[in-house]
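Following: one structure in structure tokens, then a few remarks.
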Amino acid sequence: MIDKDFNKARMEATDAIVHWAKTGRGYYTMRNAVNRFIDESGANRHAIGGEETILAYRKIAVSRLAIDCIYALSKPELAKLDRELDAIANDIPRESKGIRR
């Protein structure tokens, strides 16, 4: 069974993506919603493997969002979306090692 928070994050990310792709506004809202969805999907867990594995899971998660948005976007908007989602997926958060000086 899929978690309620997962579905909520997916819907919010899809809505934010469509709004950004159509209007060009709300980039940071869209980026934050996509990152929230990636977190909810479990793609950022360092326990699943190394950086390559996390990157693969992040790309799968953003591909799911792109599929959800196909119905609402034109071909140029989808091309713009693909470029941006690829950039977001490749921006892997680093595991914190505590306070460093």
Side-chain angles (χ1 to χ4, degrees):
M1 184 169 164
I2 296 179
D3 192 324
K4 215 164 73 170
D5 292 335
F6 175 81
N7 280 332
K8 182 179 178 188
R10 183 175 164 190
M11 287 177 25
E12 288 174 356
T14 302
D15 291 343
I17 287 168
V18 170
H19 175 74
W20 170 76
K22 290 205 167 285
T23 66
R25 294 183 171 173
Y27 171 77
Y28 294 106
T29 302
M30 180 271 302
R31 187 188 68 190
N32 291 339
V34 169
N35 279 320
R36 236 182 341 272
F37 171 75
I38 291 171
D39 285 339
E40 284 296 325
S41 73
N44 286 335
R45 290 179 302 170
H46 291 281
I48 62 175
E51 191 171 304
E52 290 177 9
T53 306
I54 292 170
L55 180 61
Y57 276 91
R58 287 177 64 89
K59 287 184 177 190
I60 291 168
V62 298
S63 294
R64 174 73 252 174
L65 291 175
I67 291 168
D68 289 345
C69 297
I70 286 175
Y71 76 95
L73 301 177
S74 67
K75 192 172 183 176
E77 291 166 341
L78 283 170
K80 173 182 167 182
L81 174 64
D82 282 341
R83 285 189 304 273
E84 198 53 47
L85 287 179
D86 190 46
I88 292 170
N90 286 318
D91 188 22
I92 299 175
R94 303 293 178 221
E95 188 173 6
S96 176
K97 303 288 186 198
I99 298 175
R100 302 184 87 168
R101 293 186 188 244

Legend entry - Heavy-atom pair with the smallest gap, counting every atom of Ala43 and Ile54: O-CG2, 3.4 Å
Legend entry - Minimum-distance pair of heavy atoms, taken over all atoms of Ala89 and Val62: CB-CG2, 3.8 Å
Legend entry - Non-neighbouring partners of Asn35 that pass side chain to side chain contact (heavy atoms under 4.5 Å, CB included), sequence neighbours left out: Arg31, Ile38, Arg58, Ile88
Legend entry - Results of side chain to side chain contact (heavy atoms under 4.5 Å, CB included) for Asn32 - residues two or more places apart only: Arg36
Show me, pair by pair, the donor-acceptor contacts under 3.5 angstrom made by side chains of residues 18-27, not counting sequence neighbours?
unit_1 : atom_1 : unit_2 : atom_2 : d
Lys22  : NZ     : Ala72  : O      : 2.9
Lys22  : NZ     : Glu77  : OE1    : 3.4
Thr23  : OG1    : His19  : O      : 2.7
Thr23  : OG1    : Arg25  : N      : 3.1
Tyr27  : OH     : Glu84  : OE2    : 2.7

Nearest 0.5 Å, what's the [atom1]-[atom2] distance between [X] and [Y]?
X	Y	atom1	atom2	result
Ser41	Leu65	OG	CG	8.5 Å
Glu12	Thr14	CD	OG1	10.0 Å
Lys59	Asp86	NZ	CG	5.0 Å

For the hydrophobic clusters of this structure (ILVMFWY residues joined by side-chain heavy atoms under 4.5 Å, transitively), does one cluster hold both [X] and [Y]?
X	Y	result
Leu73	Met11	no
Leu81	Tyr71	no
Ile70	Phe37	yes

Inset, instruction - Take Arg10 and Arg64 through the test side chain to side chain contact (heavy atoms under 4.5 Å, CB included) and record every step on the way to the result. - result: CA-CA 9 Å; Arg10 183 175 164 190; Arg64 174 73 252 174; 3.4 Å; yes
Inset, instruction - Walk me through it: do Ile17 and Asp68 pass the test side chain to side chain contact (heavy atoms under 4.5 Å, CB included)? - result: CA-CA 10 Å; Ile17 287 168; Asp68 289 345; over 6 Å; no
